[in-house]
Peer 1: 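This is the structure I want to talk about, given as structure tokens.
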Amino acid sequence: MNIQTIGVIGAGTMGNGIAQACAVSGFDVVMVDIDLAAVQRGLASVSASLERLVKKDKLSAEAKDAALARIHASVDYAALKDAQLVIEAATEHEGLKRKILAQLDELLPAKTLVATNTSSISITKLAAATRRPDRFIGMHFFNPVPMMALVEIIRGLQTSDATHDAVHAMAVRLGKTPITVKNAPGFVVNRILIPMINEAFFVLAEGLATAEDIDAGMKLGCNQPIGPLALADMIGLDVCLAVMNVYVEAYADSKYRPCPLLKEMVAAGWLGRKSGRGVYRY
Ligand code: NAD
């Protein structure tokens, strides 16, 4: 399938990042949100991000203008009908995503591929809620999308090889490095990352080392760009805890036991950067 027009649903953090990356790579983009103010903020965010790239000499002014011209933003779902691939990046809420997928089934031709950027909802379950389960797939981008090279391509049980191959090729054209993953809670990266962060909280709680030394150890000893505790503050301690609880529920395996210190800090409202205090103070 020749993919040239990409629909993006949601103009928030991820949606506008995906729209930008697609437009810079030469795709035509239709970005749709329910909220007009969100559409405008999304476009302003893309414009500011492209301008920063121009100032850093990473993009020409002409390429910036051309990319912006390739993005059509709207509050009308009908604008999506000519896309060959629609990537859903709306708020993380299963009921909402199901509603959006039902709307897309009504609107889009049967051959159109649909992807979701969900971080935590089962791709197999969402596929089963559509009329195109074999043409449905997960595309899990990382934030900030224009900078991060990885896309996890998640196959639901029903995803066809043709859908996988077309979306994989599209991600490569986007300049990303895709990895192919079977559907399971946390996919690959968060399945490994979040339990590692949880373990860092156990090490901290046991008083084995200070937070600074734990982070320095993982940065210098494992070549990680940021220590696990500083990263937890960026992700949000509440988000890390919620993800551990998903694994507890899914796998009923005690290795996913959330660290009591992590739970205690979340209960205190020490959620990380967003609340001004987490492991560190901001
Ligand atoms: P966000 O809150 O920044 O943006 C969500 C947008 O969806 C909002 O602009 C909202 O108005 C819009 N929206 C809500 N209902 C809609 C509807 N019915 N139709 C169209 N638009 C609608 O959220 P985000 O951080 O961009 O996350 C979006 C998705 O990406 C979620 O599924 C999330 O799990 C996933 N994700 C997020 C990150 C991250 O780091 N933020 C990383 C990977 C994946």
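Atoms within each ligand, like the ligands themselves, are counted from 1 in listed order. Hydrogens, waters and symmetry mates play no part in the numbers below; they use all other heavy atoms, side chains included.
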Peer 1: Output, in order, the C-alpha distance, side-chain angles, deciding distance and verdict of side chain to side chain donor-acceptor pair (under 3.5 Å) for Tyr247 and Asn198.
Peer 2: CA-CA 12 Å; Tyr247 300 156; Asn198 190 50; over 6 Å; no
Peer 1: So which heavy atom in the protein is nearest atom 11 (O) of ligand 1, and how far is it from that ligand atom?
Peer 2: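 Looking at atom 11 (O) of ligand 1, the protein heavy atom closest to it is Asp33 OD1, 2.7 Å.
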Peer 1: What atoms of ligand 1 come within less than 4.0 Å of a heavy atom belonging to Ala38?
Peer 2: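 Near Ala38, meaning under 4.0 Å from one of its heavy atoms, ligand 1 has 9 (O).
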Peer 1: Are Glu106 and Arg131 close enough for a salt bridge, meaning some N to O gap below 4.0 Å?
Peer 2: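 Looking at Arg131 together with Glu106, the answer is yes, because their closest N to O distance falls below 4.0 Å.
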Peer 1: By number and element, which atoms of ligand 1 are closer than 4.0 Å to a non-hydrogen atom of Glu92?
Peer 2: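 Answer for ligand 1: 31 (C), 32 (O), 33 (C), 34 (O).
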Peer 1: For atom 2 (O) of ligand 1, is some protein heavy-atom partner under 4.0 Å away?
Peer 2: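 It does not; no protein heavy atom is within 4.0 Å.
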Peer 1: Inspect the surroundings of CZ in Arg173 and state if more than 12 heavy atoms from other residues, nucleotides or ligands are less than 6.0 Å away.
Peer 2: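 Atom CZ in Arg173 is packed in, count exceeds 12.
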Peer 1: If you count heavy atoms of other groups shown closer than 6.0 angstrom to CD of Glu264, is the number above 12?
Peer 2: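 Open: at most 12 neighbouring heavy atoms sit under 6.0 Å from CD of Glu264.
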Peer 1: Measure Phe141 to ligand 1 on non-hydrogen atoms and call it side chain, backbone, both or neither using the 4.0 Å cut-off.
Peer 2: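 Near ligand 1, Phe141 shows its backbone, while the atoms from C-beta on stay back.
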Peer 1: Any chance CG of Asn223 has more than 12 other-residue heavy atoms, nucleotides or ligands included, within less than 6.0 Å?
Peer 2: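 No, because the 6.0 Å sphere around CG of Asn223 holds 12 heavy atoms or fewer from other groups.
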Peer 1: Can Tyr77 be said to touch ligand 1, with heavy atoms closer than 4.0 Å?
Peer 2: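 Under 4.0 Å: yes for Tyr77.
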Peer 1: Nearest protein heavy-atom contact for atom 14 (C) of ligand 1: which residue, which atom, what distance?
Peer 2: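 For atom 14 (C) of ligand 1, the nearest protein heavy atom is Thr91 OG1, 3.3 Å.
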Peer 1: In terms of relative ring orientation, are His168 and His164 parallel, tilted or perpendicular, with 30° and 60° separating the classes?
Peer 2: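 Rings of His168 and His164: tilted, 30 to 60°.
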Peer 1: Can you find a heavy atom in the side chain of Val39 that is under 4.5 Å from one in the side chain of Ser74?
Peer 2: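 Val39 vs Ser74: side chains apart.
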Peer 1: Taking C-beta and beyond as the side chain, do Val243 and Ile235 meet within less than 4.5 Å on heavy atoms?
Peer 2: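 They are not in side-chain contact.
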Peer 1: Using heavy-atom distances only, which candidate in Ser120, Ser119, Ala90 approaches atom 31 (C) of ligand 1 most closely?
Peer 2: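 Looking at heavy atoms only, Ala90 sits closest to atom 31 (C) of ligand 1.
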Peer 1: Just heavy atoms, cut-off under 4.0 Å: does Lys97 contact ligand 1 by side chain, backbone, both, or neither?
Peer 2: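 For Lys97, only side-chain atoms sit under 4.0 Å from ligand 1.
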Peer 1: Using a 4.0 Å cutoff against the non-hydrogen atoms of Asn143, which atoms of ligand 1 qualify?
Peer 2: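 Counting from 1, the qualifying ligand atoms are 40 (O).
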Peer 1: Would you say atom 23 (O) of ligand 1 has a protein heavy atom nearer than 4.0 Å?
Peer 2: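 Neighbour list for atom 23 (O) of ligand 1 is empty of protein heavy atoms (cut-off 4.0 Å).
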Peer 1: Under 4.0 Å from a heavy atom of Ile9: which atoms of ligand 1 are those, numbered in the order shown and with their elements?
Peer 2: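 Those qualifying, in numeric order: 19 (N), 20 (C).
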Peer 1: Please indicate whether Met196 has more than 12 foreign heavy atoms, meaning atoms of other residues, nucleotides or ligands, lying under 6.0 Å from its CE.
Peer 2: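 Result for CE/Met196: enclosed.
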Peer 1: Could you tell me which atoms of ligand 1, counted from 1 in the order shown, lie closer than 4.0 angstrom to a heavy atom of His140?
Peer 2: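 That gives atoms 43 (C), 44 (C) of ligand 1.
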Peer 1: Among all the protein's non-hydrogen atoms, which is closest to atom 4 (O) of ligand 1, and how far away is it?
Peer 2: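 Heavy-atom neighbour on the protein nearest atom 4 (O) of ligand 1: Gly12 CA, 3.3 Å.
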Peer 1: Can you pull out the closest protein heavy atom to atom 25 (O) of ligand 1? Residue, atom name and distance to 0.1 Å, please.
Peer 2: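 Here the nearest protein heavy atom works out to Thr13 CB, 3.8 Å.
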Peer 1: If we check side-chain hydrogen bond (donor to acceptor under 3.5 Å, both in side chains) with Arg155, which of these qualifies: Asp161, Asn183, Thr180?
Peer 2: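 It is Asp161, the one option of Asp161, Asn183, Thr180 that forms the side-chain hydrogen bond (donor to acceptor under 3.5 Å, both in side chains) with Arg155.
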Peer 1: Any side-chain heavy atom of Ile9 sitting closer than 4.5 Å to one from Leu80?
Peer 2: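 They are in contact (side-chain heavy atoms under 4.5 Å apart), so the answer is yes.
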Peer 1: Report, in ascending order of atom number, the atoms of ligand 1 lying under 4.0 Å from any heavy atom of Thr118.
Peer 2: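 Near Thr118, the atoms of ligand 1 are 32 (O).
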Peer 1: Under 4.0 Å from ligand 1, counting heavy atoms only, is it the side chain of Asn117, its backbone, both or neither?
Peer 2: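 Looking at Asn117 and ligand 1, atoms from backbone and side chain both fall under 4.0 Å.
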Peer 1: Write out the residue and atom name of the closest protein heavy atom to atom 16 (C) of ligand 1, then the distance separating them to 0.1 Å.
Peer 2: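 Minimum-distance protein heavy atom for atom 16 (C) of ligand 1 reads Ile34 CG1, 3.3 Å.
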Peer 1: One residue to check: Ile100. Relative to ligand 1, which of side chain, backbone, both or neither has a non-hydrogen atom less than 4.0 Å away?
Peer 2: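 Side chain only; the backbone of Ile100 stays clear of ligand 1.
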Peer 1: Given Met234, Arg41, Met14, which has its nearest heavy atom closest to atom 39 (C) of ligand 1?
Peer 2: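 Answer by nearest heavy atom: Met14.
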Peer 1: Can you confirm whether Lys219 is buried at NZ, in the sense that more than 12 heavy atoms of other residues, nucleotides or ligands lie under 6.0 Å from that atom?
Peer 2: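 12 or below, so no.
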